[in-house]
2 protein chains.
Amino acid sequence: MSEQIRHARERLAKYMESQGKRNTRQRDLIVDAFFVQGGHITLQELTRLVQERDSGVGFATVYRTMKLLTEAEVAHEQRFGEGQARYELADLEHHDHLICESCGRIDEFEDQVLEDRQSLVVRQLGWQLKHHRHELYGLCPECIEAG
Amino acid sequence: MSEQIRHARERLAKYMESQGKRNTRQRDLIVDAFFVQGGHITLQELTRLVQERDSGVGFATVYRTMKLLTEAEVAHEQRFGEGQARYELADLEHHDHLICESCGRIDEFEDQVLEDRQSLVVRQLGWQLKHHRHELYGLCPECIEAG
DNA sequence: CTTTCTGCAAACCCTTTGCAGAGAA
DNA sequence: TTCTCTGCAAAGGGTTTGCAGAAAG
């Protein structure tokens, strides 16, 4: 995981260099907060985290910084059900999501059998697959336990 | 298909009856347009269709009527990628979607192997599945052909 | 110095709702 | 007559952007 973050930081540095983007105090704060927090965070939440360290950082800057990370393919923008977008660390391996409708917990899973079957189905229909969204909604083990 | 629509109309009539909802010219226009059009339509598009027959019908009425059909489980509200919601005829059998990123075409597919594997994966992780969203994005046969 | 960034506030886009008059039953 | 429905316009909720001053290089 630390490995993943190191890789992400490198990739981001390269991207910024190549695009003539500048390093700023705000960007550092935002990127650090995002990496520390880890995953599936909204802009509102991230802004709150960043403002704990510097209350002067504005929402628009957080918004634009996450767009930047997305362009750099260091972050990935997800839109679950309704409402706000959520950002997660762009992963090297593909994964899908399990979302608990009771507590909001979001887990990731990966299953090669599913992926393969999906590819097969698409091919048989004559389509060409670019990417997909596979989200499973239900109850996590803790919420099942809790009733 | 005509069979499906007849069934939907019956179900809707029953629901409206049971809820003391009234029949109005606007609702008839909207429901007819929705049934004729078929599937994956946005409120904007549906409003435009309805207004070709009666320009006085407002967007809010279309909005509320589709909410009504959704409550009656005659229509189903989908939110693909970004932007607006889309409505489709509520199907008796479950299906998932194929979305063409070039022309916007939306097709449906159903694969029992996928469904079964999905259930298995969820169960093994200790979760309880309620419903899911499985959307495949890519190119449809025509757009592959067209290059 | 020059060019990019930032924070603010306003603009947008779509969805949702309050209200007063219109229309079913 | 009564109670629901409609159209309008405004309010919400999240995302995006114009602008003038701040800061990086």
Side-chain angles (χ1 to χ4, degrees), chain A residues 12-34 40-72 75-87 104, chain B residues 12-34 40-72 75-87 104:
Chain A
L12 177 59
K14 244 175 230 157
Y15 180 79
M16 292 186 61
E17 166 97 42
S18 76
Q19 301 294 305
K21 301 292 186 187
R22 296 176 175 174
N23 286 319
T24 67
R25 183 175 43 80
Q26 290 93 330
R27 283 179 176 166
D28 284 346
L29 283 169
I30 295 165
V31 170
D32 286 350
F34 174 63
H40 312 120
I41 194 170
T42 65
L43 290 178
Q44 305 281 345
E45 292 163 356
L46 188 51
T47 302
R48 220 172 301 128
L49 279 183
V50 170
Q51 289 179 342
E52 284 175 11
R53 293 183 151 264
D54 179 344
S55 63
V57 178
F59 174 82
T61 301
V62 175
Y63 166 78
R64 287 186 279 227
T65 299
M66 292 312 294
K67 272 282 180 273
L68 176 60
L69 295 224
T70 302
E71 284 162 29
H76 192 235
E77 189 180 314
Q78 292 271 344
R79 276 169 204 278
F80 297 117
E82 338 271 274
Q84 314 107 292
R86 285 180 181 274
Y87 292 82
Chain B
L12 177 59
K14 244 174 231 157
Y15 180 80
M16 292 185 63
E17 166 96 42
S18 76
Q19 302 293 305
K21 300 293 185 185
R22 296 177 174 175
N23 286 318
T24 66
R25 183 176 43 79
Q26 290 93 330
R27 283 179 177 167
D28 284 346
L29 283 169
I30 296 165
V31 170
D32 286 350
F34 174 63
H40 312 119
I41 194 171
T42 65
L43 290 177
Q44 306 281 346
E45 291 164 355
L46 187 52
T47 301
R48 221 173 299 128
L49 280 183
V50 171
Q51 290 179 342
E52 285 175 10
R53 293 181 152 266
D54 179 344
S55 62
V57 178
F59 174 81
T61 301
V62 175
Y63 166 78
R64 287 187 279 227
T65 299
M66 292 313 294
K67 272 283 180 273
L68 176 61
L69 296 223
T70 302
E71 284 162 28
H76 191 234
E77 190 180 313
Q78 292 271 344
R79 277 168 203 277
F80 297 118
E82 338 273 273
Q84 314 106 293
R86 286 180 181 274
Y87 292 83

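Bear in mind that the values here come from a model prediction, so they are computed numbers and not experimental data. Proteins come first, then strands; the chains are lettered A, B, ... in the order of their sequence lines, and each starts at number 1.
Regarding contacts with the backbone of C:dT16, a side-chain N or O of B:Lys67 is found under 4.0 angstrom from either OP1 or OP2. A:Arg27 has no side-chain polar atom (N or O) that falls below the 4.0 Å cut-off from OP1 or OP2 of C:dT4. Between B:Thr24 and the phosphate of D:dT6, there is a side-chain N or O to OP1/OP2 separation shorter than 4.0 Å. Residue A:Gln26 places none of its side-chain N or O atoms closer than 4.0 Å to OP1 or OP2 of D:dA23.
At a threshold of 4.0 Å, the pair B:Arg53-B:Asp32 does not count as salt-bridged, since none of the basic side-chain nitrogens sits closer than that to a carboxylate oxygen.
As a whole-Å value, the separation of B:Glu17 CD from D:dT4 C1' is 15 Å. The distance between atom CD1 of A:Ile30 and atom P of C:dG7, rounded to the nearest whole Å, is 7 Å. Between the OH atom of B:Tyr63 and the C1' atom of D:dG12 there is a distance of 11 Å, rounded to whole Å. Rounded to an integer number of Å, the gap from A:Met16 CE to C:dT3 P is 19 Å. Spacing between atom CD of B:Gln44 and atom P of C:dT16 amounts to 13 Å, rounded to whole angstrom units. One interatomic measurement links the two molecules: CG of A:Leu69 to P of C:dC5, which rounds to 13 Å at whole-angstrom precision. Atom pair A:Phe59:CZ and C:dT6:C1' shows a separation of 14 Å (rounding to whole Å applied). One interatomic measurement links the two molecules: OH of B:Tyr15 to C1' of D:dT4, which rounds to 14 Å at whole-angstrom precision.
Applying the 3.5 Å distance criterion, the base of D:dC3 shares a donor-acceptor pair with the side chain of B:Arg22. Scanning atom types as modelled, no donor and acceptor separated by under 3.5 angstrom connect the side chain of A:Arg79 and the base of D:dG14.
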Begin from the C-alpha positions of A:Phe34 and A:Leu69 and carry the test side-chain contact (heavy atoms from CB on, under 4.5 Å) through to its verdict. CA-CA 10 Å; A:Phe34 174 63; A:Leu69 295 224; 3.9 Å; yes
From CA spacing to verdict: side-chain contact (heavy atoms from CB on, under 4.5 Å), A:Thr47, A:Gln51: CA-CA 6 Å; A:Thr47 302; A:Gln51 289 179 342; 3.5 Å; yes
Assess the residue pair B:Val31 and B:Thr65 against the criterion (side-chain contact (heavy atoms from CB on, under 4.5 Å)); give the C-alpha distance rounded to whole Å, side-chain angles, the decisive distance to 0.1 Å, and a yes or no. CA-CA 8 Å; B:Val31 170; B:Thr65 299; 4.3 Å; yes
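Here D:dT17 is the nucleotide among C:dT15, D:dT17, D:dG14 with the atom lying nearest to any side-chain atom of A:Arg64.
Residue-level contact check: B:Arg25 touches neither bases nor backbone, having no heavy atom under 4.0 Å from any strand.
Of the options B:His40, B:His76, B:Glu45, B:Lys67, a side chain to side chain contact (heavy atoms under 4.5 Å, CB included) to B:Tyr87 is made by B:Lys67 and by none of the others.
Each of A:Asp54 and B:Ala60 was assigned the nucleotide of DNA chain C with the nearest heavy atom; the assignment lying further toward the 5' end belongs to A:Asp54.
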